[in-house]
Amino acid sequence: MKKTISAFALSVLLLGTMTGCGNKGIAPFVMPENGYDGSEVTITFYHAMGQELQGKLKQHITKFESLYPNITVNEQYVGNYDAVRDQLVNEISIGEGSNVAYCYPDHVALYNKSKKVVTLDQFINDTKEYSYTTSDGETINYTFGLTQAQKDDFVEPYFEEGRTFGDGLLYSLPYAKSTEVLYYNETFFSQHELKVPTTWDEMWEVCRQIKEIDPDCYPLGYDSDSNWFITMAEQLGTGYTSAEEGNHYIFNNDGNKAWLRDLKGYFDEGLFTTKGLLSTYTSSLFTAAANPGEVCCYMCIGSSAGASYQSPSKDSEGNYPFNVEIAPIPQHDLNNPKAIQQGPSVCIFNDKDPQKVCASWLFVKYLSTNQELQADMSKINGYTPILKSVSEIPVYKKWIEEGKDIQAKATKVCIEQRDSNFVSPSFVGSSAARDQVGDALDAILSGTKTIDQALQDAVDECEYSA
């Protein structure tokens with residue numbers, strides 16, 4: 001999960017911006033007249049892929065390098081999304097950094113304090129044909145731009161996420177997307193004839209029924225305190241953040257205080273716990289239902305991309321101790337569903353060598369329009385493909401329809417509810433807002449702060465960080 005950037009890293013970035021050292025004199029990027037001219041360049045790609053995904057990435061990088069023999073891609077696993085962000089912030093401040101990187105919209109807003117991120121419209125809309133000759137005499141033909149068919153193939157909310165910065169320009173392309181889903185112990189639900197909740201009112205009713213069956217359990221676990229706050233504010237229309245300059249942090253309001261009071265009551269009944277309160281992902285409680293006598297939960301709301309962590313281990317005979325099924329998250333209004341949009345995009349950074357920028361775009365274009373890569377990532381981690389056409393690939397379509405593994409089940413639900421996905425406004429400080437509302441939720445539920453105090457402290461921290 002994303003965490004607030006350290007005060008040191010932020011101050012370094014802002015200092016670099018104010019003094020001009022963040023760019024080290026790099027002029028705004030201008031497309032070279034001859035495009036990528038075949039120069040031998042090495043570009044660096046920072047990411048947060050796990051070992052299995054990284055293996056697939058390496059295979060596709062090899063294919064990309066065969067298409068563009070003079071481009072070498074140096075992929076680097078940096079750690080989680082926070083680690084990628086923090087390393088880039090520090091490197092940008094001294095004029096260094098990656099050429100391409102995993103990003104979230106609020107990361108891009110932060111990087112762009114130093115005008116480091118290259119807008120992509122100039123590449124996407126360039127339909128000219130280019131060519132160059134390699135040192136071996138091979139002629140390579142290419143275009144920068146995307147065809148209309150390629151543009152139309154993107155899932156629109158995923159594509160438009162890169163254009164949420166107020167100036168109408170595109171700063172990133174989607175790479176892998178996910179959302180939150182409801183994992184539930186179908187074996188337990190069937191045994192006790194429980195209804196899978198579709199609304200929050202139904203959720204609390206089912207939680208009370210489960211609590212009667214197993215008084216020592218937490219019926220529900222939520223794997224992201226921040227997501228829960230943001231999602232409830234979106235579903236209820238009570239307000240979280242605003243793109244309006246000088247009025248970004250709008251979550252300290254009566255509407256949010258009302259549902260937080262209700263949520264505190266449900267917590268005091270013992271109906272749920274969260275990652276922040278548990279100090280570990282609640283999926284550990286969900287899978288603990290396989291162990292008689294252990295405290296567990298029978299439902300868990302978490303990322304579709306974390307589906308594998310919601311699956312219990314097989315027993316000695318190769319069987320699962322209980323069946324896991326997946327449903328959309330509960331809603332306040334089923335006629336106006338809202339589910340948070342997650343998962344990394346990729347952005348390009350300016351460089352004193354424009355050929356590296358051009359090569360970076362060709363790599364990003366390859367990553368974002370490659371059906372095979374998108375299908376591979378989805379089958380490994382439960383990510384939702386960013387391209388509509390992937391769902392029509394026969395092998396992939398069969399995998400989704402059969403739903404034999406938990407990744408397929410999660411992806412299917414994620415695809416079904418992607419039209420309800422939402423993205424919060426992106427600005428410098430939006431990352432801090434995300435973390436602060438999660439901390440406020442923890443403080444309220446644990447009783448260490450009143451609702452009024454927790455929300456006001458969160459606003460104060462956001463304004464101080466920004």
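All residue numbers in this chain count up from 1 along the given sequence. Note: hydrogens, waters and symmetry copies are ignored here, and every other heavy atom, side chains too, is used. Keep in mind it's a predicted model, so treat the numbers as computed, not measured.
- Closest approach of Tyr383 and Ala305 over heavy atoms only: CE2-CB, 3.6 Å.
- Scanning both residues, Cys103 and Ser172, for their nearest heavy atoms gives SG-CB, 4.0 Å.
- Remark: the backbone N or O of Cys347 is not paired with any side-chain donor or acceptor of Tyr175 at under 3.5 angstrom.
- Here the straight-line distance linking atom CD1 of Ile210 with atom CG of Leu220 works out to 8.5 Å at 0.5 Å rounding.
- For the residue pair Asp452 / Gln456, no side-chain donor-acceptor distance below 3.5 Å is found, with atom types taken as modelled.
- No donor-acceptor pair closer than 3.5 Å links the side chain of Ser304 to the backbone N or O of Ser178.
- In this structure, Thr164 contributes its side chain and Glu161 its backbone to a donor-acceptor pair below 3.5 Å.
- Between Phe165 and Ser426, the closest heavy-atom pair is CE2-CB, 3.6 Å.
- Contact between Ala176 and Met377 at its shortest, heavy atoms only, is CB-CE, 3.9 Å.
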**Q.** Audit row: Asn323, Thr187, side chain to side chain donor-acceptor pair (under 3.5 Å) steps and yes/no
**A.** CA-CA 5 Å; Asn323 182 42; Thr187 303; 5.5 Å; no
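- Taking 4.0 Å as the cut-off between side-chain N and carboxylate O, Glu160 and Arg163 count as a salt-bridged pair.
- Phe349 and Tyr111 have their aromatic ring centers within a separation under 6.0 angstrom.
- Taking each heavy atom of Gln76 and Asn74 in turn, the nearest pair found is NE2-ND2, 3.0 Å.
- A side-chain donor-acceptor contact under 3.5 Å links Lys365 to the backbone of Thr143.
- Side-chain polar atoms of Glu180 and Tyr222 form a donor-acceptor pair below 3.5 angstrom.
- At distances below 3.5 Å, not a single donor-acceptor pair connects side-chain atoms of Tyr240 with backbone N or O atoms of Ile250.
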Q: Starting from the C-alpha separation in whole Å, work towards a yes-or-no answer on side chain to side chain donor-acceptor pair (under 3.5 Å) for Ser389 and Asp153.
A: CA-CA 6 Å; Ser389 57; Asp153 196 21; 2.6 Å; yes
Using a 3.5 Å cut-off and no angle test, enumerate the donor-acceptor pairs between side-chain atoms of residues 289-302 and protein atoms at least two apart in sequence or in another chain.
{"from": "Asn291", "atom 1": "ND2", "to": "Glu294", "atom 2": "OE2", "distance (Å)": "3.4"}
{"from": "Tyr298", "atom 1": "OH", "to": "Asp214", "atom 2": "OD2", "distance (Å)": "2.8"}

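- Atom OG1 in Thr147 sits 11.5 Å away from atom CD1 in Ile124 (nearest 0.5 Å).
- Taking the six-membered ring for Trp and thresholds of 30 and 60 degrees, Phe322 and Phe286 have ring planes more than 60 degrees apart, a perpendicular arrangement.
- Every residue was checked against the salt bridge (charged side-chain N to carboxylate O under 4.0 Å, His left out) condition with Glu186, not counting sequence neighbours, and none meets it.
- Using the six-membered ring where Trp is involved, Trp361 and Phe123 have ring planes that are parallel, under 30° apart on the 30 and 60° scheme.
- No more than 12 heavy-atom neighbours from other residues, nucleotides or ligands sit within 6.0 angstrom of NZ on Lys314.
- More than 12 heavy atoms of other residues, nucleotides or ligands shown are found within 6.0 angstrom of NZ on Lys388.
- Two residues are said to be in side-chain contact when any heavy atoms from C-beta on lie closer than 4.5 Å; Gln374 and Tyr396 fail this criterion.
- At a cut-off of 3.5 Å, with distance as the only test, a side-chain donor of Glu91 or Tyr46 sits close to an acceptor on the other residue.
- Note on Lys449 versus Asp457: salt bridge recorded, some NZ/NE/NH1/NH2 to OD/OE distance being below 4.0 Å.
- The backbone N or O of Gln341 lies less than 3.5 Å from no partner atom in the side chain of Lys177, so there is not a single donor-acceptor pair.
- Centroid-to-centroid, the aromatic rings of Trp228 and Phe272 come within less than 6.0 Å.
- Pro312 and Val324 get closest at one heavy-atom pair: CD-CG2, 3.8 Å.
- Distance alone, capped at 3.5 Å, is enough to place a donor-acceptor pair between the Glu65 side chain and the Val73 backbone.
- Ion pairing of Asp225 with Lys275 is absent here, as no side-chain N (NZ or NE/NH1/NH2) approaches a carboxylate O to less than 4.0 Å.
- The local environment of CD in Glu402 is crowded, with over 12 non-hydrogen atoms from other residues, nucleotides or ligands closer than 6.0 Å.
- Annotation for Tyr309: atom OH does not count as buried by contact number, only 12 or fewer foreign heavy atoms lying within 6.0 Å.
- Here the side chain of Gln331 pairs a donor or acceptor atom with the backbone of Lys338 at under 3.5 angstrom.
- For Glu52, the CD atom sits in a loose shell: 12 or fewer heavy atoms of surrounding residues, nucleotides or ligands are nearer than 6.0 Å.
- Distance alone, capped at 3.5 Å, places no donor-acceptor pair between the Lys257 side chain and the Asn252 backbone.
- With sequence neighbours excluded, the residues forming a salt bridge (charged side-chain N to carboxylate O under 4.0 Å, His left out) with Arg208 are Glu269, listed by chain and number.
- Under a 3.5 Å cut-off, the side chain of Asn125 and the backbone N or O of Asp121 do form a donor-acceptor pair.
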